[in-house]
Amino acid sequence: MHARFPSQPLISICFVLILLSLFPDSSDSSLQSLTYIGCSQQRYISGTPYESNVNSILVSLVNSATSTNFNNFKISLPGSTQSDVVYGLFQCRGDLTSSDCHQCVANAVSRLGSLCGSASGGALQYEGCFIKYDNSPFLGVEDKSVVYSKCGPSMAGDTDVLTRKDAVLAYLTGAGQYFRVGRSGEVQGMTQCMQDLTTGECQDCLSEAIQRLKNECGNSAWGHMYLGKCYARYSERGYTSRGGEKLRRLGWWFTVIVNFLPSLRFLCL
C-alpha cells in the first residue's frame, strides 16, 4: 500500500491570515519568528511508505543543518513506489552561524510537523530559515509566484527616505548572489534566493521580486516580497507594522501566525 491523495483538487481555498511584525532584531527568538506556514491539502495515510519518507526527510533536514546553511534531498526508502518519493530542502539566512541555523531548522521542522500533521507537503518561513517538503519534484525548479507580501505605511512626503530606498533596491537588483544586504543611511535591504537555483535563475527571481516590491510598496516605509524561490525586503529604521500583507498560493492552506493581534482576516480564492 502506498500514499493516497484526494482524486479531485479543491477549486476554492480559504486562507486564514493573522498579521505579523517582520524584520525584527537578530536575537535567537526573533530568528524563529514565523512569517508564514503552508500545508498541502493532499493528505497521506498513516503507516504508509510515504509517511516514512516524510519523517526521514525531516530528520535529514535537521541533521544536515549542523554543517551547512542549505541542502536538498530526495527520499525514497525501500518499499516505496514513485508516488511515495518525497523532496525537501532547507535554507538559512546567509548571515546565520551554524548553531543558529541548526536551531532554527530544528524548531521549524518541529513546528511544521505539529501544524501540518499528515499533509503530503508543507513549507515554513521563519525569520532565519526556510524549510519545505512535497511529493512534487520542485528541486531546481524556478518559482516566481508570489507567496507572501507586506507593505508598511506611506512615506510619500519623505523624499530622502524614498531616494535611499530606491538606491538600496537598485544595489540589490544587481546582486548576482544568493544572499546580499545593503544600506543607505537608515534604509536597509536584504535579498536571498534558494541555492538549488542557478545564479541566472536566482538573478531572474530576485529581479521579479524587487520589481513587484517597487510596484506594491513604492512609497512605503518598508516592504517584504516573498516569491516561491526568493525574497526581497527593505526597511526604514527597522520600523515594521502589522498590516498590509497578502498571501497567495493555490492548492495549499497558508496561515500567518500572529503575535499581539486578536483579529483574523479570511480570504477565499
Side-chain angles (χ1 to χ4, degrees), residues 20-40 54-75 86-116 119 121-134 138-140 143 147-150 175 177-181 188-197 202 205-206 209 224-233 235 238 240 245 247 249 252 254-259:
L20 172 70
S21 175
L22 290 178
F23 227 89
D25 59 45
S26 59
S27 67
D28 288 345
S29 60
S30 68
L31 291 175
Q32 293 155 34
S33 61
L34 184 61
T35 302
Y36 65 80
I37 180 171
C39 306
S40 171
V54 168
N55 292 336
S56 178
I57 211 162
L58 294 179
V59 170
S60 297
L61 297 181
V62 175
N63 291 341
S64 183
T66 60
S67 58
T68 181
N69 75 341
F70 168 81
N71 210 345
N72 61 82
F73 300 89
K74 175 184 176 182
I75 301 291
V86 182
Y87 306 85
L89 62 72
F90 78 90
Q91 180 161 290
C92 291
R93 209 173 66 193
D95 59 344
L96 262 62
T97 64
S98 296
S99 59
D100 283 343
C101 179
H102 177 254
Q103 183 178 2
C104 187
V105 172
N107 287 344
V109 166
S110 176
R111 196 167 192 178
L112 188 66
S114 63
L115 293 177
C116 286
L124 186 150
Q125 177 73 61
Y126 271 154
E127 169 67 21
C129 62
F130 173 82
I131 63 171
K132 179 178 179 178
Y133 74 92
D134 201 7
F138 67 91
L139 301 178
D143 181 0
V147 178
Y148 174 88
S149 64
K150 187 175 184 181
Q177 299 170 320
Y178 289 108
F179 175 76
R180 200 176 202 189
V181 294
Q188 57 189 332
M190 177 187 299
T191 56
Q192 186 166 21
C193 55
M194 296 299 164
Q195 294 178 51
D196 63 326
L197 300 180
C202 175
C205 188
L206 291 178
H224 309 288
M225 181 63 63
Y226 285 81
L227 306 187
K229 284 291 182 78
C230 69
Y231 67 80
R233 302 159 30 158
S235 175
T240 59
E245 75 192 74
L247 190 60
R249 175 75 69 140
W252 289 61
F254 268 96
T255 306
V256 176
I257 302 296
V258 187
N259 296 326

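Residue numbers run from 1 in the order of the sequence given.
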Interatomic distance, CZ@Arg111 vs CG@Leu124, rounded to 0.5 Å, equals 7.0 Å
Please tell me if the side chains of Val109 and Ile131 come closer than 4.5 Å, counting only heavy atoms from C-beta onward. yes
Between CZ on residue Arg180 and CE on residue Met190, distance to nearest 0.5 Å: 13.5 Å
Measure the distance from the SG of Cys116 to the SG of Cys39 and say whether it is below 2.5 Å. yes
Do Leu61 and Tyr133 touch side chain to side chain, with heavy atoms closer than 4.5 Å? no
Are Val181 and Asp95 side-chain neighbours, meaning at least one heavy-atom pair lies under 4.5 Å? no
Taking all atoms of both residues into account, what is the closest heavy-atom pair of Ile75 and Ser60, and its distance? CD1-OG, 4.3 Å
So, for Phe70 and Asp196, which heavy atoms are closest and what is the spacing to 0.1 Å? CZ-N, 3.4 Å
Check: Gln91 main-chain N/O paired with Gln195 side-chain donor or acceptor under 3.5 Å: no
In this structure, NE2 of His102 is separated from CG of Leu96 (nearest 0.5 Å) by 13.0 Å
Partners meeting ring-ring contact (aromatic ring centres under 6.0 Å, His included) with Tyr231 (sequence neighbours left out): Tyr226
If you round to the nearest 0.5 Å, how far is NE2 of His224 from OG of Ser235? 6.5 Å
Could you tell me whether the side chain of Phe90 reaches within less than 4.5 Å of the side chain of Thr68, counting heavy atoms only? yes
For the Cys pair Cys202 and Cys230, is the SG-SG distance shorter than 2.5 Å? no
Determine the minimum heavy-atom distance between Cys129 and Val105, stating which atoms define it. SG-N, 3.7 Å
Heavy-atom nearest pair, Cys205 first then Lys229, reads SG-C, 3.9 Å
So which atom in Phe138 and which in Gly88 form the shortest heavy-atom distance, rounded to 0.1 Å? CZ-CA, 4.0 Å
Nearest non-hydrogen partners of Asn69 and Gly94, listed with the distance: ND2-CA, 4.2 Å
Before accepting this row, confirm whether a basic side-chain N of the pair Arg93/Asp100 lies closer than 4.0 Å to the acidic partner's carboxylate O. no
Do the side chain of Tyr178 and the main chain of Leu197 share a donor and acceptor less than 3.5 angstrom apart? yes
Nearest-0.5 Å distance, CD of residue Gln125 to OG of residue Ser33: 9.5 Å
Gap between atom CG of Leu227 and atom CG of Asp143 - 0.5 Å precision: 8.0 Å
Under 2.5 Å between the SG atoms of Cys92 and Cys101: is that the case? yes
Asn55 versus Val59: any side-chain heavy-atom pair under 4.5 Å? no
